[in-house]
**Q** 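Please read through the structure below; I'll follow up with questions.
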Amino acid sequence: IRDEKNSRGAIKIYEEALAHAKDLGLKKEEGRVYWILSSIFYEVDDLAKSIDFANRSIEINRQINYRYGIAHALEEKAKAILKKGDKLAAAEAYEESAKIFLTIENFSKNTKGSFSKAILLYFETGLVEKANNLLALSIMDVPHNNFEEIDQVIKKGSKSDIQNTIHQSY
């Protein structure tokens with residue numbers, strides 16, 4: 001239903017799934033459904049609900065220590081916050097997501113995506129030192145780094161007169 005762009009129908013089905021997950025005490029599935037609902041509400045531009053469902057997912061996933069769920073819900077939250085125009089809060093959510101993905105094996109693509117978005121947003125908000133520190137962390141700790149992607153982040157940051165403030169080693 002969601003693939004057919006029937007967001008309202010998808011919301012109804014996922015709300016039913018959420019009720020079943022709660023009834024059965026399936027916390028992991030409950031957390032997943034919340035982040036899916038967050039994504040759907042983002043698509044229909046209901047950002048308050050998107051953020052609310054992302055927060056619920058984060059809370060439940062933290063209770064059961066489901067790191068992938070926490071990181072994914074943080075990405076959903078960051079997207080909605082960014083769409084609302086709060087680049088700093090979005091960068092912080094992306095950064096937290098990246099740091100959690102970093103602790104999970106085989107999620108380097110997710111890690112790099114969240115790191116890249118956080119770094120770029122920190123550059124755009126003028127927090128160059130924070131961006132540089134996160135850039136250094138992403139270079140040191142992410143396995144199989146694609147340095148072309150990192151170079152693109154630096155160049156994108158450079159478009160807004162940040163080029164001269166990026167540390168020389170980059």
**Q** Strictly by modelled atom types, are Tyr122 and Glu95 linked by a side-chain donor-acceptor pair under 3.5 Å?
**A** yes
**Q** Answer yes when Arg62 and Glu96 have at least one side-chain N-carboxylate O distance shorter than 4.0 Å, and no when they do not.
**A** yes
**Q** Atom CD in Glu75, atom OG in Ser38: separation rounded to 0.5 Å?
**A** 11.0 Å
**Q** Please tell me whether Ile104 and Ile60 are part of a single hydrophobic cluster in this structure, the criterion being side-chain heavy atoms less than 4.5 Å apart.
**A** yes
**Q** Can you hop from Leu26 to Leu18 via hydrophobic side chains spaced under 4.5 Å?
**A** no
**Q** Report yes or no: do Ile40 and Tyr42 belong to one cluster of Ile/Leu/Val/Met/Phe/Trp/Tyr joined by side chain heavy-atom distances under 4.5 Å?
**A** no
**Q** To the closest 0.5 Å, what do you measure between CG (Leu37) and CG (Asp46)?
**A** 11.5 Å
**Q** Go through it in stages, so that I can follow the logic: the residues are Glu59 and Tyr34, the test is side chain to side chain contact (heavy atoms under 4.5 Å, CB included), and I'd like the CA-CA distance, side-chain angles, deciding distance and then a yes or no.
**A** CA-CA 10 Å; Glu59 180 182 332; Tyr34 275 130; over 6 Å; no
**Q** Please name the pair of heavy atoms, one in Glu76 and one in Ser50, separated by the smallest distance, quoted to 0.1 Å.
**A** O-OG, 4.4 Å
**Q** Hey, could you give me the CG/CG distance between Leu121 and Leu88, rounded to the nearest 0.5 Å?
**A** 9.0 Å
**Q** Can you confirm whether Thr125 sits close enough to Lys130 that some side-chain heavy atom of one is under 4.5 Å from a side-chain heavy atom of the other?
**A** no
**Q** Let me confirm one number: the CD-CD distance from Gln63 to Glu30, rounded to the nearest 0.5 Å.
**A** 8.0 Å
**Q** For Lys12, does the NZ atom sit with more than 12 other heavy atoms under 6.0 Å from it, leaving out its own atoms?
**A** no
**Q** For the NZ atom of Lys83 and the CG atom of Asp45, what is their distance to the nearest 0.5 Å?
**A** 4.0 Å
**Q** Please report the closest heavy-atom contact between Ala91 and Ala118, naming both atoms and the distance.
**A** O-CB, 3.5 Å
**Q** Would you say that Lys22 contacts Leu24 through its side chain, given a criterion of any heavy-atom pair below 4.5 Å between the two side chains?
**A** no
**Q** Measuring from Leu102:CG to Arg67:CZ, what's the distance to the nearest 0.5 Å?
**A** 10.5 Å
**Q** Do you know the tightest heavy-atom contact between Ala73 and Ser57?
**A** CB-OG, 3.4 Å
**Q** If hydrophobic clusters are built by linking Ile, Leu, Val, Met, Phe, Trp and Tyr wherever their side-chain heavy atoms come under 4.5 Å apart, do Leu82 and Leu47 end up in the same one?
**A** no
**Q** Tell me the closest heavy-atom pair linking Ala90 and Ile81, and the distance in Å.
**A** N-CG2, 3.5 Å
**Q** Quick one: do Ile64 and Tyr68 end up in the same hydrophobic cluster if we chain Ile, Leu, Val, Met, Phe, Trp and Tyr together by side-chain heavy atoms under 4.5 Å apart?
**A** yes
**Q** Donor-acceptor pair, Ser116 side chain versus Gly113 backbone, under 3.5 Å?
**A** no
**Q** Tell me the closest heavy-atom pair linking Leu135 and Ile119, and the distance in Å.
**A** CA-CD1, 3.6 Å
**Q** Answer yes or no: are there more than 12 heavy-atom neighbours, outside Glu129 itself, under 6.0 Å from its atom CD?
**A** no
**Q** Relative to the ring of Trp35, is the ring of Tyr66 parallel (under 30°), tilted (30 to 60°) or perpendicular (over 60°)?
**A** parallel
**Q** Testing the basics here: between Leu134 and Lys99, what is the closest heavy-atom pair and its distance to 0.1 Å?
**A** CD1-CE, 4.2 Å
**Q** Give the C-alpha distance, both sets of side-chain angles, the deciding distance and a yes or no for salt bridge (Lys or Arg N to Asp or Glu O under 4.0 Å) between Arg32 and Glu29.
**A** CA-CA 5 Å; Arg32 284 181 184 161; Glu29 283 67 26; 3.8 Å; yes
